[in-house]
Amino acid sequence: MYDYEDDEDDIFGTPPSVSSSVPSINFKDELNEDQFRAVTASDGPALVLAGAGSGKTRTLTYRVAYLITQGISPEAILLLTFTNKASKQMLERVEQLTGIESHRFLGGTFHHVGGQVLRLFGDTIGLPRNFTILDDGDSDSLLNEIIRDCDPDFFKSKENPKAKPIKGLISYARNILVEVEHVAKGRYPGNVELLSKINSFALHYQNTKLERGLADYDDLLVYWLEVLQNNEEAAQYYQERFSHVLVDEYQDVNSLQAQIVDKIAANHQIMAVGDDAQCIYTWRGADLDQIMSFPERHPDTKIYKIETNYRSSPEILKLANEILENRSSENSYSKILKPSRPHQDLPLVVPTIDTYQQADFILSKVQKLYDCGVNYEDIAILYRSHYHAMELQVELSRRDIPFVITSGLRFFEQAHVKDVAAQLRFVANPKDLTAFFRFACLLPKIGEKTASKLMLLAESISESKNIGLIDSLLNPEVVKKVPKDAKEDWFSLIDTLKNIDTLAATATPAQVVEGAVCGWYEEYLRSTYENWPRREEDLESLIDFAAKYENLAEMLSQLVLLSSESGNRVVKQGESCLRLSTIHQSKGLEFPHVFIIGLADGLFPNRRAIEGESDLEEERRLFYVATTRAERSLHLVFPMLSNQKGTPVRLMQSRFIKEIPDSHYHLHNAHTTFGRSGKTGWNHFGPGKSYG
């Protein structure tokens, strides 16, 4: 926990007058025509549609500076952003332009500003002004405490989710302004008893926070809206105080944030800046309808389009514009990115035999770029999902090429991958106590001390009764020492280990890994992590990884070696590194050279979108975001075969590529990169069988 900084003076302090010494700014010369129109817009509601690479931040910054030159007090301007970094950069730039200290503006993230509002008016809704904000770990612990108090037996059933996914569910419901039970019903359909319990937990969690003077991050927004809705004095104060409300990245607002903004900007003194084509976070609550319905909620809205792109070559923009052309016109604004940079080569579309040739092709191109003087840090490899880059990371580690993952841990460093690998290692070598401790300590009430005692007892029984160590873990004497809360999981875990042991004697490595993935750990994963579907995809790719080997020992040796290599490879300070990232994490970034991998139906767009379980249009927007990260060169790469549990499956190129006229790209034959030897697939990477 930590106490939120008290910023009352920022809100109620006497506003000093704007200095008459504000430097003269020639807006006409420093902005392009589109930017100038938006920056100098007259009062009233405005929606600025800023295309990728069009200078959105510059436009917002100069808008604030323009308002200052028009005599608007800094204290009358509210700037809402999604990151502290964005707010800081904008206000620092405004200070450079105008000479006015950045602290005089009320600007920052929604949560930051919400916290300031509640310091003043929180007590009107039952929240003391000296409330303490819970960080993510604290709120997890509190909800865990609440659940145990409400239902001591809840976590004893492996069918029930743990506190963290329940908290994620509650958070999502609050941010999209629907009942918790409604969201829970979508996650756990048919389990009426569980739905009722989750709803009860949510109510107790909320009441307990209020009783203890606590607030989590969601409360900063929920209570802010509640203050504006229920406290007329507070609402009127903010509506009159801010003559101009500016909102950055408006395409990412959720229903809760949109209602807060609409309430503060009740006099329609708002400028929303965003790009509907870059709305890629609906899965975490972003609501595309908010930017689409903005003109309806704010009558007489003027729409400004900023379309000149300062990032990408004309050839890349032509392809990106074609992606937008294929969107549904009913739920999008028209926009055409206009080039300002010199011509480059056409983007390349590159089919490869499989993911291993995909990796080999990319690294051969990276090497050519490097030999031509391109720094590694100027090259990005983007993907739809983390597991799509597994083979690429394998080969990068093998070749000792420095790389960093913008979107998180390297594949083999991820907890769920290591958890499954530990079970395989223990079955292969029961003396591997490190592996045993890793998965045993995942069970309730079992730490290393308890796990060590259980193992010592099992080893003694194994030796005295001349039975296998795994069998001895089910001996009544051992089971008696297992904590009560862990017993059900213990039986399921040991059954899984026995199944892995049986499979290891006769089955393929892929079947052995599948036995580990689909055993006890599957239930653990689903009850522990809110994002368990993505983690399951990673583990499915681990099965594919195992399919390249003919025996388990060889596969495990390579797995441990790769994990060690990726874990021990330390990036030196100042070292130039390749950038690997999910597309979501790359938003807002730009690179001279970009590779987008896995562009096959079922991978990108993903299977759920194709089958109608998620939004196909959002996948298309994601593709648009990916292509517009590139400045000079763009490679769109996809495998034609996927190895699924040892069986080759034909893949088709992404429907998003099919929609683009072939005049917008060159089709490149990856085979020519490797000559005519016919050697493709796994044989490039080490021993194992190939299906290429």
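Since we're looking at a predicted model, the values are computed, not measured.
- Residues Pro45 and His298 share a closest heavy-atom pair of CB-CB, 3.7 Å.
- Arg620 and Glu617 are joined by a salt bridge, as a carboxylate oxygen and a charged side-chain nitrogen come within less than 4.0 angstrom of each other.
- A distance of 6.0 Å or more separates the ring centres of Tyr383 and Phe604.
- Between the side chains of Glu30 and Tyr62, at least one donor N or O sits under 3.5 Å from an acceptor N or O.
- With ring centers used as reference points, Trp224 lies 6.0 Å or more from His111.
- Under 4.0 Å is where a charged nitrogen must lie from a carboxylate oxygen, and between Lys338 and Glu307 at least one such pair does.
- Under the 6.0 Å distance and 45° angle rule, Lys305 does not count as a cation-pi partner of Tyr333.
- Using modelled atom types and a 3.5 Å distance limit, the side chains of Asn375 and Ser576 yield no donor-acceptor pair.
- Between Arg104 and Glu75, at least one side-chain nitrogen of the basic residue sits less than 4.0 Å from a carboxylate oxygen of the acidic one, meeting the salt-bridge criterion.
- Between Arg579 and Val404, some side-chain heavy-atom pair lies under the 4.5 Å cut-off.
- Screening Leu118, Ile264, Leu106, Thr81 for a side chain to side chain contact (heavy atoms under 4.5 Å, CB included) involving Val113 leaves a single residue, Leu106.
- Here Lys56 does not pair with Asp275 in a salt bridge; the nearest charged N to carboxylate O distance is not below 4.0 Å.
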